[in-house]
Amino acid sequence: MDPIQKIRDGLRNLLVSALEKSRAEGLITFDCLPDFVIEVPRDEGHGDFSSNVAMLMARSARMAPRKIAEIIVRQIDRKLMPELQKVEIAGAGFINFFLDQSWLYYLPALVIGMGDRYGSSPKQNLKVQVEFVSANPTGNLHMGNARGGAIGDTLANALSFAGYDVEREFYINDAGNQIEVFAQSLEARYLQLMGAKIEFPDNGYAGQDVVDTVKNIIRDYKDALLVMSSEERQKFVVNYALKEKIEYIKTTLSNFGINYDVWFSETSLHASGQVNEVIDYLMEKGFIYEEDGALWFRSTLFGDEKDEVVIRANGLPTYFATDIAYHRDKFRRGFDRVINVWGADHHGHVARMKGAVQALGYDEGRLDILLMQLVRLYRGGIVVRMSKRTGTTVSLDELIDEVGKDAARFFFVMRSPDSQMDFDLDLAKEKGQDNPVYYVQYAHARIQSIFRQAAAAGVERKRVEEVDFSVLGTEEMQLLRKIADFPEEITIVARTMAPHRIARYILDLAGLFHSFYNHHRVLNENQSLQDARLLLMETTRITIKNALTILGVSAPDQM
RNA sequence: GUCCCUGUGGCUCAGCCUGGAUAGAGCAACGGACUUCUAAUCCGUAGGUCGGGGGUUCGAAUCCCUCCGGGGACGCCA
């Protein structure tokens, strides 16, 4: 139930039937209707809704836009929409619709009736998978993972609200080159800590977290690894470390409000033979050729700049080969839509991944890759380079400790994924009023406070049917109008993969609330006004809470 | 060199996909509002050649071309 969509549909009907009537009466000629819009004008003086249909028809109808608008307006059947108060022609030929404010009176009943489902759309029987974070299990979660987590989880929540069946997935990169290096690093640290004088690998993981893991191994197993062969020892330490790291990732992301449905292991693709199988398949189809001892995928067939190696000359598959098998597996699991949230540093991988999906016979339109620009971390006004090797960066668990889950999630999702983000640690640590999350949460807390006051005074909220909303004034109606936008906002977020819009939306809504709050009292002498405002407050509270829930931010009862 | 993201008041950004009417927020600045449901709030003032140029259009921050600045990717790494 989308209030805005309902009105748009109604107005569209009105215009279309007016146009067809005009044509039937020979007032205007056209072959087909233009792709016109019914938009919400920026300026209130231009009505509640506005259409550009007359301007778009001007050319084909060989008539001045205003003239067309006049014809249309004359033919509009007002009976089709009782809440329509006035229709005006303005500017170059806009048709502006003014509605009686009563069209919003049903909203409190709708919102309160739906409760924590307000904003959601009916189930549409479409399965979507969102894969996000998928951090390498070789180190701590960094700010890039954090941003990806906030964006991916918010998007998943929004998709779920928009009527999709959503599955959240974490792809565990527990195979491949970096795991080899990880194993070597762990082994070297173990031997060093046990007193051996050996070199640490040049490109190894030099971070403190590797040392910490090895200390845990020593705590648990003492010198038992010294007698093993190097191969055995590496296998042992890497298994230990992966288990520990994955546990750490699960715990930290859970503390960040993210819980996955599926943890998918890369190793399982190798173990089940799916990687080799999919390469064989593509070879049969002619998408793979051999050169310089390696096997190449013809990604240039699909618009990529160059072909890509899938099996190296040493016989080992590349990450890309595994990813092809992985994506085939995703589609085989029956998802109608597959969304990957990737850092911008992976953008070179997009074209060939989509190409591979096509080569496998799937519509590449079913694979959406949301690229988010990277996060730059600042401390004391200086950029902190994020390197897994040096371990000098701030990890997600540290961030949650310092600024809290709510602020961190809001902050990360507030900006468009397309925009590069500077995360100023010093600023984020300030739990002051600069942080917009408090602004929104405060609105929720204030409303709950009103309800506490009301309860203390023995005031009860009336049932919606008993309340007359015509006592509400301009500011109250603006609040209701904003609340009416919520369902549409969610569907836009789901369609355009733009989770930051929810943060924007809720800041706007909170702003309207605070403004109202400072100008009017909910609890007052005027009984009917108080009744209406109490329900308006509950309507507002539900919407704020639902939006915060999608963002993964708590809605406190008091602050 | 090729590709991706980006350039909007002093600062941080939204709007661009799907063109629409005098371009919006927040922060910072300045001036106001608490004996009243939480001042983590509100109200007001000031501040903009939407990076430059060209094009399409009745109409361009939005679409196209081009140039310039910032970030990123271009490996038989992931």
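No experiment lies behind these values; they were computed from the predicted model shown. Numbered from 1 within each chain, the chains take letters A, B, ... in sequence-line order.
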Ignoring backbone atoms, test whether S419(A) places a side-chain nitrogen or oxygen under 4.0 Å from the OP1 or OP2 oxygen of rC5(B).
no
Could you check how far NE2 of H346(A) sits from P of rG71(B), rounded to whole Å?
21 Å
Just checking T496(A): base, sugar-phosphate only, or nothing, at a heavy-atom cut-off of under 4.0 Å?
base
Report the distance from atom CD1 of I311(A) to atom CZ of F297(A), rounding to the nearest 0.5 Å.
13.0 Å
rC34(B) versus rG19(B) - spacing of their P atoms, nearest Å
49 Å
Atom pair distance, as rounded to whole Å: CD1 in I447(A) and P in rA40(B)
16 Å
Which is true for N177(A) with a 4.0 Å heavy-atom rule: it touches a base, it touches only sugar-phosphate, or it touches nothing?
sugar-phosphate
Give the nucleotide from the list rG71(B), rG75(B), rC13(B) with an atom nearest to the side chain of K306(A).
rG75(B)
Proximity to the side chain of A313(A) - top-ranked nucleotide from rC76(B), rU57(B), rU41(B)
rC76(B)
Passes ring-ring contact (aromatic ring centres under 6.0 Å, His included), F264(A) versus F170(A)? Steps please.
CA-CA 6 Å; F264(A) 193 96; F170(A) 188 109; over 10 Å; no
Rounding to an integer number of Å, can you tell me how far I506(A) CD1 sits from rC13(B) C1'?
18 Å
Given rG20(B), rC42(B), rA39(B), which nucleotide is nearest the side-chain atoms of N52(A)?
rG20(B)
Length of the line joining F411(A):CZ and rU12(B):P, which is rounded to integer Å:
12 Å
Would you classify A58(A) as touching base, sugar-phosphate or nothing, given that sugar-phosphate means primed atoms plus P, OP1 and OP2, and contacts are heavy atoms under 4.0 Å?
nothing
Length of the line joining F297(A):CZ and rC76(B):C1', which is rounded to integer Å:
17 Å
Check every strand shown and say whether F320(A) touches a base, only sugar-phosphate, or nothing at a heavy-atom separation below 4.0 Å.
nothing
If you look at every strand shown and take non-hydrogen atoms under 4.0 Å, does A457(A) touch a base, only sugar-phosphate, or nothing?
nothing
Please work out if H519(A) contacts a base, only the sugar-phosphate, or nothing of the nucleic acid, heavy-atom cut-off 4.0 Å.
sugar-phosphate
When the ring centroid of F423(A) is compared with that of F412(A), is the distance short of 6.0 Å?
yes
Does H500(A) put a side-chain nitrogen or oxygen below 4.0 Å from OP1 or OP2 of rC13(B)?
no
Do F320(A) and H349(A) have ring centroids that are under 6.0 Å from one another?
yes
Using a cut-off of less than 4.0 Å, is there contact between a side-chain N or O of Y442(A) and OP1 or OP2 of rA40(B)?
yes
With a 4.0 Å cutoff (strictly under), does any side-chain N or O of R446(A) reach OP1 or OP2 of rA40(B)?
no
First encountered from the 5' end of RNA chain B, between D345(A) and E291(A):
D345(A)
Atom CG of L536(A) and atom P of rC37(B): how far apart are they, to the nearest Å?
19 Å
Pair E460(A), K462(A) - check salt bridge (charged side-chain N to carboxylate O under 4.0 Å, His left out), show working.
CA-CA 6 Å; E460(A) 283 181 21; K462(A) 289 249 171 61; over 6 Å; no
Should Y439(A) be counted as stacked on rA40(B), where stacking needs a ring-centre gap under 5.5 Å and an angle between planes under 30 degrees?
no
Of the candidate nucleotides rC13(B), rC37(B), rC58(B), which contains the atom at the shortest distance from the side chain of I450(A)?
rC37(B)
Given rG20(B), rC5(B), rC76(B), which nucleotide is nearest the side-chain atoms of L56(A)?
rG20(B)
May I ask you to verify if any side-chain N or O of R376(A) is less than 4.0 angstrom from the OP1 or OP2 atom of rG71(B)?
no
Nearest to the side chain of E305(A), which nucleotide is it out of rC3(B), rG75(B), rA14(B)?
rC3(B)
Checking rG72(B), rA21(B), rG24(B) against the side chain of R42(A) (C-beta onward), the nearest is rA21(B)
Step by step, would you call R504(A) with D508(A) a salt bridge (charged side-chain N to carboxylate O under 4.0 Å, His left out)?
CA-CA 6 Å; R504(A) 289 271 150 192; D508(A) 287 348; over 6 Å; no
What nucleic acid atoms does R521(A) come within less than 4.0 Å of, heavy atoms only: base, sugar-phosphate, or nothing?
base
Which part of the nucleic acid does Q420(A) contact within heavy-atom distance under 4.0 Å: base, sugar-phosphate only, or nothing?
sugar-phosphate
Answer with base, sugar-phosphate or nothing: what part of the nucleic acid does H520(A) contact at a heavy-atom distance below 4.0 Å?
base
Can you tell me if K405(A) has over 12 outside heavy atoms packed within less than 6.0 Å of its NZ?
yes
Distance-only donor-acceptor test (3.5 Å): side chain S50(A), base rA21(B):
yes
Rounded to whole Å, how long is the line connecting atom CD1 of I492(A) with atom P of rC17(B)?
13 Å
Does a side-chain N or O from R504(A) land closer than 4.0 Å to OP1 or OP2 of rG24(B), or not?
no
Quiz question: going by heavy-atom distance under 3.5 Å, is there a donor-acceptor pair between the base of rA21(B) and the side chain of N96(A)?
yes
Check whether F36(A) forms a cation-pi arrangement with R12(A) (NZ or CZ under 6.0 Å from the six-membered ring centre, at most 45° off the ring normal).
yes
So what does R352(A) hit on the nucleic acid, given a heavy-atom distance under 4.0 Å: a base, only sugar-phosphate, or nothing?
base
Whole-Å distance, N518(A) CG to rC43(B) P, equals 7 Å
If you only use heavy atoms from C-beta on, which nucleotide in rA78(B), rG71(B), rC58(B) is closest to the side chain of N136(A)?
rA78(B)
Could you measure between the two C1' atoms, the one in rA39(B) and the one in rA46(B), and give it in whole Å?
24 Å
Between rG20(B), rA78(B), rU41(B), which one does the side chain of T318(A) approach most closely?
rA78(B)
Is rC17(B) in the syn or the anti form, by the rule that syn lies within 90° of 0?
anti
Report the residue (E475(A) or Y319(A)) whose heavy-atom-nearest nucleotide on RNA chain B is the more 5′ of the two.
E475(A)
Roughly how many Å apart are rG10(B) and rA29(B), using the P atom of each and rounding to a whole number?
16 Å
How far, in whole Å, is rC5(B) from rG48(B) if one measures between their C1' atoms?
24 Å
Y505(A) and F486(A) aromatic centres sub-6.0 Å
yes
Any-strand Watson-Crick or G-U partner of rA14(B), both distances under 3.5 Å
none
Would you indicate what H347(A) reaches in the nucleic acid, counting non-hydrogen atoms under 4.0 angstrom: base, sugar-phosphate, or nothing?
base
How would you label the contact of D508(A) with the nucleic acid (heavy atoms, under 4.0 Å): base, sugar-phosphate, or nothing?
nothing
Mind checking Q558(A) for me? I need base, sugar-phosphate or nothing, with any heavy atom below 4.0 Å counting as a touch.
base
Determine the interatomic distance between C1' on rG55(B) and the same-named atom on rG75(B); round to the nearest Å.
41 Å
If you apply the rule ring-ring contact (aromatic ring centres under 6.0 Å, His included), what do you find for F97(A) with F49(A), and how did you get there?
CA-CA 5 Å; F97(A) 299 95; F49(A) 293 88; 8.1 Å; no
